[in-house]
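Below is one structure, written out as structure tokens, with a few remarks after it.
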Amino acid sequence: MNSKRQLLIALAAAVFLTVIIASGALQRFDKWTQDALFQRAGAPSGDIVIIGIDEKALEELGPWPWPRDVIADALMTLSSDPENKPAAVAVDVLFAGASGSAASDEYLAQAAGYLGNVVTASFATYGEEIAWEDNRAVAVDASAIVSFDEPYPALREATVQGHINAMPDRDGILRHALLYEEPAEGQRVYSMAFETARLYLESRGKTIGEPPLKGGHFYVPFTARAGAYYDGYSVADLINWRIDPSYWSGKIVMIGPYAAGLQDSYFTSVDRASPMFGVEYQANVIQSLVDANYRTEAADLPQAAVLLILCAAAAVLFVRLRMWQGSAVCGGLVLLGIGGPMLLYRLGLVTHPLWLPVGVLLLFAVTVVLRYIQAARERQALALKEERINAELSLATRIQANALPKTFPPFPDRKEFDIYASMTPAKEVGGDLYDFFLMDEDHLCLVIGDVSGKGVPASLFMMVALTLIHHVAMREKSPAKILEAVNREICSRNPEEMFVTVWLGVLEISTGRLTAANAGHEYPAVKKADGHFELLKDRHGMVVGGIDMARYREYEIPMERGDKIFVYTDGVPEATNAAEEFYTTDRMIAALQEGEMGPPEEILRTVAGSVHAFVGTAPQFDDLTMLCIEWRGPADGQQAIPETKMEG
């Protein structure tokens, strides 16, 4: 894939992502991000106070709903001192229709009229309304006002009405306020918050301006969280004269439900986790109107255009720059996508803070995938070039593995001994070897070795050595003479000067007498039936392939029933962990002693498990090759020949 094609794909991805994002795919998450970045609770205005219909009031005055003369008493208390009257009073309670007491209704209307500057609540119910023409439906208005509740006539004449409809967004969060409702043609009812703010500003010789609208709603910059406007005063405190009139003098007084049981609370953008009572929401809206703290919500189309331009520019840079440079550009655009909307919000504009970061990150991911595809194709081409070498290495590995005995038990009819061997190869083809075979009915040849070097040459050298050992051993039973013959043959044709360490033993099956010779290999470990595994530090001869005239000395190990011999390559004690520490023969002997009572297979598994636990996640650089044999005594009808002599 060339750079031009990558660029075209990246540009197409930029257009596609812009369309998807602008269509509203991120709407919910974008709103949450706006809440987190824009809404910051501060200090509430001291000119707005809440008198709550709270738990204390319900306990002292009785359960809700109260007779209307209770609220009338509250209004009369607020008007009791002409020098300390409030600037505006908002009663966040709906008094629609006549109550059962005409006197209470009249008293409330008179109290409100006497106090003046009182705003009472109205409420609209929204639903579907079908428009008919010639007895057939021609339109459906899904957000029509189907009913409108307002104060009874006497109270309506004595007060200013304001609607208390609160309309959360689709995720249930209040972020906006509805400025006005039009329940009938020519009738416009502003919100309680707007009318209260208007009365307050007019009391100070000021006028109120309408906030910028979007679909009849305006964005609310919340000032305070739940509880910030509430000083703990209840309606019971008010009508029982427990509040000094100076507390409300010249201020906005909000009277409304402030108890959970009254079910008048909302989740807001300033705190989506804690609900806010409706009267507190009204207080926040009033403060934004009084302070003219307005925000304009930017239209989506210009933002989509900016997003497309920036994503297209980013696509060009991501394709042409190095990965680290593209990452830096991506990070810068993400910061711009977050910091820019925060700055614009301070300037009065509400934008989408998630659009650019998500678009850029996804676009960067697309270019990373394109680079990965390109790199994968290049690697594939390189792999094809190396396929022949890998095939040869794989073939060498299979040949090496197939040359070693893998069937256990190898001699199921021979009960005189039990033998098990294993090789765990490293990643690279190596030169470890082991073998065992019957030289005749009474002699078993045991071989383990380690070729110098790695790779295919070591593997081939191992095959040659193993073949020569097998060939000579079929006509010669002396371990020393076998090694000498093999050594001469290898030295005669060894231009690369490779060599192999070998431990070779011949077990006389009927007697348990083991004759062995060591050509520079690791010390064997021997366990007597009544003892523990210990290293047998036998005399080492020259490695096979070193000097053509090398001589080897052999020694005998008389084995009794239950005796075991364990041989291995240097990959076991030299296994290395992540701290570059060797496994060592001491740990190997400890592992052998841990599993020494088990059969050879169990012993090898115990040692292998110990090595792997020590190495951990460190890479394996050498083969782990082990062989263990246990002599179980002569077959039935045979008599073991006692031997106690050990030579060498």
Side-chain angles (χ1 to χ4, degrees), residues 405 408-410 415-424 432 434 436 444 446-450 501-505 507 512-518 520-540 555-616 618 620-633 640 643-646 648:
F408 296 96
K415 308 302 181 183
E416 303 97 319
F417 60 89
D418 184 15
I419 189 170
Y420 193 82
S422 69
M423 183 181 74
T424 304
D432 277 16
Y434 72 82
F436 46 83
L444 176 68
L446 309 169
V447 184
I448 190 166
D450 187 1
T501 66
V502 180
W503 180 92
L504 189 147
L507 174 65
R513 183 171 59 239
L514 179 71
T515 306
N518 193 327
H521 199 71
E522 305 291 323
Y523 295 126
V526 180
K527 178 194 176 301
K528 306 302 290 183
D530 56 353
H532 301 289
F533 269 109
E534 296 179 354
L535 283 181
L536 176 61
K537 295 191 176 182
D538 55 1
R539 178 173 295 183
H540 286 189
Y555 58 90
E556 292 185 359
I557 303 176
M559 299 185 70
E560 299 176 358
R561 189 185 303 271
D563 287 2
K564 298 169 184 172
I565 294 179
F566 174 83
V567 288
Y568 53 95
T569 60
D570 60 2
V572 177
E574 294 179 5
T576 307
N577 63 13
E580 298 186 355
E581 298 171 329
F582 287 134
Y583 179 68
T584 72
T585 53
D586 291 339
R587 289 188 176 90
M588 183 190 73
I589 292 297
L592 285 169
Q593 292 176 354
E594 178 183 346
E596 63 188 5
M597 301 309 295
E601 180 178 359
E602 184 177 326
I603 291 173
L604 264 62
R605 293 189 188 280
T606 300
V607 175
S610 176
V611 172
H612 293 321
F614 173 81
V615 170
Q620 178 185 339
F621 292 108
D622 204 354
D623 301 338
L624 299 179
T625 306
M626 300 175 284
L627 184 148
C628 183
I629 185 169
E630 175 185 2
W631 189 65
R632 294 181 172 177
E643 285 285 353
T644 58
K645 180 181 179 182
M646 181 179 293

Would you say [X] and [Y] make side-chain contact, with heavy atoms under 4.5 Å?
X	Y	result
I629	L514	no
E522	W503	no
Y434	S422	no
L535	M588	yes
I565	M559	yes
V526	D563	no
T501	D570	no
H540	D538	yes

Is there a donor-acceptor pair closer than 3.5 Å between any side-chain N or O of [X] and the backbone N or O of [Y]?
X	Y	answer
Y420	E602	no
K564	E596	yes
R587	F582	yes
Y568	Y523	yes
T515	R513	no

Check [X] against [Y] and note the closest heavy-atom contact, atom names and distance.
X	Y	result
A575	V611	CB-CG1, 3.8 Å
P599	D418	CB-OD2, 3.8 Å
F533	Q593	O-NE2, 3.1 Å
P524	V567	CB-CG1, 3.7 Å
A529	K527	O-NZ, 3.4 Å
N577	A618	C-CB, 3.7 Å

To the closest 0.5 Å, what do you measure between [atom1] ([X]) and [atom2] ([Y])?
X	Y	atom1	atom2	result
R539	Y555	CZ	OH	12.0 Å
K528	E560	NZ	CD	5.0 Å
I557	L536	CD1	CG	5.0 Å
L627	I603	CG	CD1	11.5 Å
T585	E574	OG1	CD	10.0 Å
L504	H521	CG	NE2	11.0 Å

**Item:** Flag for T625-D432: side-chain donor and acceptor within less than 3.5 Å
**Value:** yes
**Message:** Can you see whether S610 engages Y583 through a side-chain donor-acceptor pair at a distance of less than 3.5 angstrom?
**Reply:**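 Side chains of S610 and Y583: pair found under 3.5 Å.
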